[in-house]
Asker: 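Have a look at the structure that comes next, please.
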Amino acid sequence: MAKLSERDICSKYITPALVDAGWDLHAQIREEVSFTKGRIVVRGRLHSRGKGKRADYVLYIQPNQPIALIEAKDAEHGVGDGMQQALDYAETLDIPFVFSSNGSGFLFHDRTGQAQLTETSLTLAQFPPPDELWRRYCAWRGLDDTAKAMVETPYYDDGSGRAPRYYQATAINRTIEAVARGQKRILLVMATGTGKTYTAFQIIWRLWKARVSRRILFLADRNILVNQTRTNDFKPFGAAMTKIEKRQANKAFEIYLSLYQAVTGTEDEKNIYRQFSPDFFDLIVIDECHRGSAAEDSAWREVLDYFSGATQIGLTATPKETRDVSNIHYFGEPVYTYSLKQGIDDGFLAPYKVVRIDIDRDLQGWRPAKGQTDKHGEVIEDRIYNQRDFDRTLVLEKRTELVARKITEYLTATDPYAKTIVFCEDIDHAERMRQALVNLNPARVKENRKYVMRITGDEQEGKAELDNFIDPESRYPVIATTSKLMTTGVNAQTCKLVVLDQRIQSMTEFKQIIGRGTRINEDYGKFWFTIMDFKKATELFADPAFDGDPVQVFEPTGDQAPIPPDELPDGQSDPDAAGDIQAGDITGDAIPDARDAETGRRLKYVVGGEVTVQVVAERVQYYGPDGKLITESLKDYTRNAVRKSFASLDDFLNRWNTAERKQALCEELEAQGVLLDALAEDVEKKTGKVFDPFDLICHVAFDRPPLTRRERAEQMRQHTVFDKYGEQARRVLEALLDKYADAGIESIEDIKILTLAPFTELGTAPELIGAFGGRAAYLAAIRELEQALYG
């Protein structure tokens, strides 16, 4: 057995033991189960994927209901050597029964806490059968026979092979189990872009098929959400489904989709929901439940209170916890949370980098001269205006132009057709930003007038283009200026740039806005995105509440009312109220009045070009391996990261020179958080020179004077290493040096380069390899070339 590989152990010992224990080889046993995609690592303007996680075995009671996990090792390992890795995977997959094996037996770890001993040793013949583990599972979860029947109701299967991702299955299974145990209020927290609607569909489908929930209401706060849900994920419900609209309540269906606003009104006779009896619905699912449903006095809560006997499931990416609004108080602790950080680490969500741009007037403020008037002849109130005021109470036209210019410069330097959302203070600001961007992009606008569009709630033509903006196949619009309309419910899979020129104090709203860029679309090259921040909104990334588990900060009681706005400290308002859309406001945008209704004074002063503005600081921040933004300088961050891996320059040089592939060492460093390509891009921008990773590390981390790639290549041409080869081999080496100077070490370490120009002009790949005396001799020559390059 000592010479058997891990695969041999699996096929000869582990799989037969499972089959002998009664596990169905085809329906219940899955081998080499990949459950994450591998985190995307952004390298300058390029990207790569890390390794995904893969379990050797996952055992299922039924499809998408995992119950046990096995980590296999070859015969040279101990029986328990795979246990720690297996426990890590089992925790992620929400699996209670964990095994490790080297083919001689099993080490069994019971995570339920019910066993007398947490870990026990088993022979191959003692592996527990499915019925035993299922019985123990149900006892752990508190599921009686009736609940078990509900939990065993299968998922919807369309025959295409599509299966829920692991976290979706966990969310679905935990929710079904909670309902089976009689829980009436359930909260699911899942980051934007992780498939909440598909998750909701599978939950509803299983409860509907089990006949536990015969009539179901799905509530959302945007019409686009309801329509997308109806035509996409919920399509299998077919004729059993209807959408409540035109204030009509048809009671002949089983699945009802509705806007909150479609079933509520200011008068009882307009409250369509009252046409249904209080016990009509068995299940209500509330999408984006952070909006109004958690507030005691919201119109939406009236719907939930009216149908209080129904099971109610709240879905949100951003649970709201403030003094007067609490999702947790209403729904209880989340049965499952899948965060933005988890989604990025797993490779299901796009990482991001942040471009922070500080403008002098924002930081220093601006004060008008005595008696100074604005463009409309209005005398400007004499005080200091700062970032809080700009585009709310006072407009600096040059500031708008500057922001538009920085957006244009970024798109021109990267991809002029990258879908971009510019979040502005209000509709007026969004319109002025649209005009500024149009004027800065005349060629693009001439090509198609919809290159820049204002998409706000008050403007029908812009709203009509929303579908085209989020459609990956539609090139236009490219840039959308907005304020509130696109903060949520906009599935913009190909959005690569999110611009924040809006003062954001609501963590809920901030998370929703960031969520516009987190979706990945590999078919259209969308793997990561950029946040361009002009209003210091990204300082919220440093708030512990940004991506942690939801924490209830206030639990209201009957005698504790919300704090009236006039009792808040000066200049403050409820920071989370900004992200809310009240009942009846389906646009999400506030249309500013030009003048105060009582005094007639202009509410927003407009100052023309006589006041100049300029950028005083600009820095790029990167999403680090720990899920936090790298806020120190890229140089300092690289120095610290490299020195964690290498104690000294000699230590690094020894590792570099002995590495069989230099690129493999570079990839190892990047996996540990060293952003080599970002650093190279930064250095090239500042110096105009291109350096090898070797020189970047030596210089930045250990203060060694660097050489450019071309300087190293020219030095190498004088080296005697070329002298021992024939003419054809020397020409290959010369061409390899040219490739190195242009593209770096990675380009010359792959033997496939010999099949590309200019090597094809020197001969076929076999001929070129033969000039060195064969493949082994060619690879040895490459290693010798590298030793000379870095010697």
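None of these values were measured; they are calculated from a predicted model. Start at 1 with the first residue, then count along the sequence.
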Asker: Partners of Gln787 by side chain to side chain donor-acceptor pair (under 3.5 Å), sequence neighbours excluded?
Answerer: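 So Gln787 forms no side chain to side chain donor-acceptor pair (under 3.5 Å) with any residue.
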Asker: Hey, can you tell me if Phe652 and Phe646 have their rings parallel, tilted or perpendicular (30° and 60° cut-offs)?
Answerer: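 Perpendicular, since the angle between the ring planes exceeds 60°.
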Asker: Which is it for Asp695 and Arg712 under the salt bridge (charged side-chain N to carboxylate O under 4.0 Å, His left out) test, yes or no, and what are the steps along the way?
Answerer: CA-CA 10 Å; Asp695 283 283; Arg712 285 199 174 278; 2.6 Å; yes
Asker: Can you sort out the partners of Ala55 under side-chain contact (heavy atoms from CB on, under 4.5 Å), two or more places apart, ordered by chain and number?
Answerer: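 Scan of Ala55 (side-chain contact (heavy atoms from CB on, under 4.5 Å), adjacent residues dropped) gives Phe35, Val58, Leu69, Tyr89.
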Asker: Would a distance-only check, ignoring hydrogens and angles, find a side-chain to backbone donor-acceptor pair under 3.5 Å from Thr420 to Ile479?
Answerer: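 No; judged by distance alone, with no hydrogens or angles, the pair does not exist.
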Asker: Do Lys662 and Asp692 sit within salt-bridge range, that is, some charged N less than 4.0 Å from a carboxylate O?
Answerer: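 No, no charged N to carboxylate O under 4.0 Å.
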Asker: Please determine which of Lys535, Arg399, Arg356 meets the salt bridge (charged side-chain N to carboxylate O under 4.0 Å, His left out) test together with Asp362.
Answerer: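 Answer after filtering Lys535, Arg399, Arg356: Arg399.
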Asker: Does the Arg49 side chain pair with the main chain of Gly347, one donor and one acceptor, at a distance under 3.5 Å?
Answerer: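 Yes, Arg49 side chain to Gly347 backbone: donor-acceptor pair under 3.5 Å.
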Asker: Check Met716 against Ala788 and note the closest heavy-atom contact, atom names and distance.
Answerer: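 Heavy atoms of Met716 and Ala788 come nearest at SD-CB, 3.3 Å.
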Asker: Tell me whether Lys419 is salt-bridged to Asp471, with the criterion being a basic N under 4.0 Å from an acidic carboxylate O.
Answerer: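 A salt bridge is absent here (no side-chain N lies under 4.0 Å from a carboxylate O).
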Asker: Would you list the atom pairs, donor with acceptor, under 3.5 Å between side chains in residues 696-707 and any protein atom, with sequence neighbours excluded?
Answerer:
residue, atom, partner, partner atom, Å
His699, ND1, Arg704, O, 3.2
Asp703, OD1, Arg639, NH2, 2.9

Asker: If you compare all heavy atoms of Ser100 against all heavy atoms of Met83, which two are closest, and at what distance to 0.1 Å?
Answerer: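 Heavy atoms of Ser100 and Met83 come nearest at OG-N, 3.6 Å.
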Asker: Looking only at the side chains, is there a donor atom on one of Tyr740 and Glu786 sitting less than 3.5 Å from an acceptor on the other?
Answerer: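 On atom types as modelled, these side chains do not qualify, holding no pair under 3.5 Å.
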Asker: Say whether, by atom type as modelled, one donor and one acceptor occur between the side chain of Asp533 and the main chain of Ala537 under 3.5 angstrom.
Answerer: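 Checked: pair present.
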Asker: Just by modelled atom types, is the Leu762 backbone N or O under 3.5 Å from a matching donor or acceptor in the Gln728 side chain?
Answerer: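 Yes, Gln728 side chain to Leu762 backbone: donor-acceptor pair under 3.5 Å.
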Asker: Looking at SG of Cys495 and CZ of Phe469, how far apart are the two atoms once the value is rounded to the nearest 0.5 Å?
Answerer: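 The SG atom of Cys495 sits 5.0 Å away from the CZ atom of Phe469.
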Asker: Are the side chain of Arg709 and the backbone N or O of Ala741 linked by a donor-acceptor pair below 3.5 Å?
Answerer: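 Yes.
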Asker: Look at the side chain of Glu767 and the backbone N and O of Thr764, then say whether any donor-acceptor pair between them is shorter than 3.5 Å.
Answerer: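 Here the side-chain-to-backbone pair exists.
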Asker: With sequence neighbours excluded, what pairs up with Asp650 under the side-chain contact (heavy atoms from CB on, under 4.5 Å) test?
Answerer: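 Asp650: side-chain contact (heavy atoms from CB on, under 4.5 Å) contacts with Ser648, Leu653.
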Asker: Between the side chain of Asn521 and the main-chain N/O of Thr494, is any donor-acceptor distance below 3.5 Å?
Answerer: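 Not a single qualifying donor-acceptor pair exists.
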Asker: Do the side chains of Glu409 and Lys406 get close enough for a salt bridge, i.e. N-O under 4.0 angstrom?
Answerer: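 The answer is yes: the pair qualifies as a salt bridge.
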Asker: Parallel, tilted or perpendicular: which fits the ring planes of Trp656 and Phe694, with parallel below 30° and perpendicular above 60°?
Answerer: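 Plane angle between 30° and 60°, so tilted.
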Asker: Is any NZ, NE, NH1 or NH2 atom of the basic residue among Asp345 and Lys53 found under 4.0 Å from an Asp or Glu carboxylate oxygen of the other?
Answerer: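 Lys53 and Asp345: not salt-bridged.
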Asker: Write out all pairs satisfying salt bridge (Lys or Arg N to Asp or Glu O under 4.0 Å) with one or both partners inside residues 748-766, taking only residues at least two apart or from two chains.
Answerer: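 Non-adjacent pairs meeting salt bridge (Lys or Arg N to Asp or Glu O under 4.0 Å): zero.
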Asker: Would you confirm whether Thr15, through its side chain, and Ser11, through its main-chain N or O, come within 3.5 Å as a donor-acceptor pair?
Answerer: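 Checking the backbone N and O of Ser11 against the side chain of Thr15, no donor-acceptor pair under 3.5 Å is found.
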Asker: Side chains of Thr530 and Tyr410: is there a donor and an acceptor less than 3.5 Å apart?
Answerer: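 Per modelled atom types, Thr530 and Tyr410 side chains form a pair under 3.5 Å.
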Asker: Between Lys526 and Gly517 (side chain of the first, backbone of the second, donor and acceptor by atom type, cut-off under 3.5 Å), is there such a pair?
Answerer: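 Side chain of Lys526 to backbone of Gly517: a pair is present.
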Asker: Check residues 773-785 and write down every donor-acceptor pair under 3.5 Å in which the side-chain atom is one partner and the other belongs to a residue at least two apart or another chain.
Answerer:
residue, atom, partner, partner atom, Å
Glu784, OE1, Lys724, NZ, 3.1
Glu784, OE1, Tyr725, OH, 3.3
Glu784, OE2, Lys724, NZ, 3.1

Asker: Could you report the tightest heavy-atom contact between Tyr451 and Tyr476, atom names first, then the distance?
Answerer: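 Residues Tyr451 and Tyr476, closest heavy atoms: CA-CD2, 3.9 Å.
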